K.L.:
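Dropping the structure in here first, questions after.
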Amino acid sequence: MSLKIMEKRPIYDYSPTERNKALLSLGLPDFIEKELDKWFFRKKDLDQSKWTKISKEHKLLLNNNFDFNLPKVVWQGLSSDGTRKFLIGLEDGNSVEAVAIPAKDRLTLCISSQVGCAIGCTFCHTGTQGLTRNLKVYEIVGQFLAVSQWLIQNVSKESRLTNIVFMGQGEPLHNFKNVKQAVELFVSQTGIALSKTKITLSTSGLVPQIEKWEEFPDINVAISLHAVRDDLRSQLMPINKRHDLKRLFDALKNIPLRTSRRITYEYLLIANLNDQEQDIEGLCELLPRKQSKINLIPFNEYPGSDYKRPSNEQVLWFQNELHKRGYTCTIRVTKGDDILAACGQLKTEFEKVNIWDGQRVSPKVIETNHYE
Ligand code: SAH
Ligand code: SF4
């Protein structure tokens, strides 16, 4: 019974079908899978002493063949607006950030898909780091589970993350296979069982991957547009040199939209660069009114950034002009910028910490000005 039969892999790296096969191959009875789902995904409790329906022998077999570790919350900070930023420590000493953003009727977790990012947008703090590596499936799912667990243990037993946005560090479609498998687990009824409508993936516009979108579970898509002219978009987002606006919009036709759903276009507003009348006209030419939602993001400044945020009046004017032209257009309220948790500010501001060798080291905070 105590045999190690398979190569030991993180259990959260298995798809539901793969895991089912693996459990069968270990000769474990059917109810074990349901018990694991209950403890992992519904109760989010990994204290095995509570798994009383699973015998000691079966636990031994499970522990010999699966790795149950989750990435760990090594630091968290609470912003004055209720946004909570988590630093998640990974096995190799790298870390990524996840941000829990409360709203009236939901608690959204903004998660990372990579350590750093290769796309190198000139306005993005994360982009300045370059890419270190893709996150594994269990590290993506693990952000959700680790933060859920932390909230249950430290805030309230009733705490529940309701939505997920892939808007943390990294370009999710650059890590297509792992992000796709993680999303499958997020929406699976035997997994985390979130509705597909509660998950949004934001992409800078990787055309070859958008062309394969039908392989993905049918979640919401947000496109980081930011400019309506190729020259300006290429200046802001080097990816536009390879996949320009024409190629991007041709590829977007592959995204099947259900009647009630639209593509969201994120539009960063940078003072005197893309916040003028001509940009509004350009947006109207590019975006079909009925199938588009525009989300304006006033640029979040960070230490060393070259661009400036427009005035609030300018942002409201821009929104109003789009409303007048019949567009649904919202302004993203900046959340958590006092702890550098807002969009584009996510860059690991901490020394690398290795918490996997049994040592829990407090990360050194280099640059935050308000945290718990
Ligand atoms: N890589 C993906 C998802 C992560 S970025 C993408 O680019 O879409 C999430 C959002 O934050 C994107 O729309 C991105 O353009 C925006 N963003 C990046 N830097 C920003 C900044 N400094 N201020 C405001 N938004 C920013
Ligand atoms: Fe990467 Fe998105 Fe930042 Fe661009 S905006 S560098 S794609 S994380």
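Sequential numbering from 1 along the given sequence is applied to the chain's residues. Each ligand, and each atom within it, is numbered from 1 in the order the structure gives. As the structure is a prediction and not an experimental result, all values here were calculated from the model.
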K.L.:
Quick one: look at Thr203 and ligand 1, take heavy-atom pairs under 4.0 Å, and tell me if it's side chain, backbone, both or neither.
P.N.:
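The part of Thr203 near ligand 1 is the backbone, not the side chain.
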
K.L.:
Of all heavy-atom pairs between Lys8 and Asp67, which one has the smallest distance, and what is that distance?
P.N.:
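Smallest interatomic distance, heavy atoms only, reads CG-N, 3.8 Å.
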
K.L.:
Could you tell me whether atom 4 (Fe) of ligand 2 has an N, O or S atom of Cys117 under 2.8 Å away?
P.N.:
no

K.L.:
Can you list the residues that meet the ring pair (Phe, Tyr, Trp, His ring centres under 6.0 Å) rule with Phe144, with sequence neighbours excluded?
P.N.:
Phe186

K.L.:
In terms of atom number and element, which parts of ligand 1 are under 4.0 angstrom from non-hydrogen atoms of Glu266?
P.N.:
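Close to Glu266: 10 (C), 12 (C), 13 (O).
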
K.L.:
I'd like to check which ligand 2 atoms, numbered from 1 as shown, lie under 4.0 Å from a non-hydrogen atom of Ser204.
P.N.:
7 (S)

K.L.:
Salt-bridged, Lys246 to Asp250, with N to O below 4.0 Å?
P.N.:
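Judged by the 4.0 Å cut-off on N to carboxylate O distance, Lys246 and Asp250 do form a salt bridge.
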
K.L.:
Any idea which atoms of ligand 1 are less than 4.0 Å away from a heavy-atom of Phe166?
P.N.:
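Ligand 1 atoms under the 4.0 Å threshold to Phe166: 3 (C).
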
K.L.:
Would one find more than 12 heavy atoms of other residues, nucleotides or ligands at under 6.0 Å from atom CZ of Arg289?
P.N.:
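Yes.
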
K.L.:
Using a strict cut-off of 4.0 Å, indicate which atoms of ligand 2 neighbour a heavy atom of Gly127.
P.N.:
6 (S)

K.L.:
Taking heavy atoms and a distance under 4.0 Å, where does Ile297 meet ligand 1: side chain, backbone, both or neither?
P.N.:
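Side chain only; the backbone of Ile297 stays clear of ligand 1.
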
K.L.:
Please state which option from Ser202, Pro172, Gly168, Ala118 has its nearest heavy atom closest to atom 4 (C) of ligand 1.
P.N.:
Gly168

K.L.:
For ligand 1, find out whether one of its N or O atoms is nearer than 3.5 Å to an N or O atom of Ser224.
P.N.:
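Yes, at least one N or O pair falls under 3.5 Å.
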
K.L.:
Is the shortest distance from a heavy atom of Gly120 to ligand 2 less than 4.0 Å?
P.N.:
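Checking ligand 2 against Gly120, which is what was asked, there is a heavy-atom contact under 4.0 Å.
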
K.L.:
Hey, is Glu171 touching ligand 1 through its side chain, its backbone, both or neither, going by heavy atoms under 4.0 Å?
P.N.:
both

K.L.:
Of all residues at least two apart in sequence or in a different chain, which pass the ring pair (Phe, Tyr, Trp, His ring centres under 6.0 Å) check with Tyr327?
P.N.:
none

K.L.:
Any atoms of ligand 1 less than 4.0 Å from a non-hydrogen atom of Leu268? List them with their elements.
P.N.:
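So the answer, numbered in order with elements, is 23 (N), 24 (C), 25 (N), 26 (C).
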
K.L.:
Is a donor from one side chain sitting under 3.5 angstrom from an acceptor on the other, for Asn295 and Glu266?
P.N.:
no

K.L.:
Can the positive tip of Lys212 be found less than 6.0 Å from the middle of the six-membered ring of Phe176, inside 45° of the ring normal?
P.N.:
yes

K.L.:
Establish, yes or no, whether a centroid distance under 6.0 Å links the rings of Phe66 and Tyr14.
P.N.:
yes

K.L.:
Just to be sure I'm reading this right: ignoring hydrogens, which of His226, Met167, His125, His174 gets closest to atom 14 (C) of ligand 1? Compare them by their nearest heavy atoms.
P.N.:
His226

K.L.:
If you measure from atom 6 (S) of ligand 2 to every heavy atom of Cys121, Gly170, Gly205, which option wins on shortest distance?
P.N.:
Cys121

K.L.:
With respect to atom 3 (Fe) of ligand 2, please indicate if His125 possesses an N, O or S atom at a distance under 2.8 Å.
P.N.:
no

K.L.:
Pair Arg332, Met167 - check side-chain contact (heavy atoms from CB on, under 4.5 Å), show working.
P.N.:
CA-CA 13 Å; Arg332 188 174 300 166; Met167 293 188 188; 3.7 Å; yes

K.L.:
For ligand 1, which atoms sit closer than 4.0 Å to a heavy atom of Gly170?
P.N.:
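Once the distances to Gly170 are compared, the set is 1 (N), 2 (C), 3 (C), 4 (C).
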
K.L.:
Crowded around Arg242 CZ? As in, over 12 foreign heavy atoms under 6.0 Å?
P.N.:
no

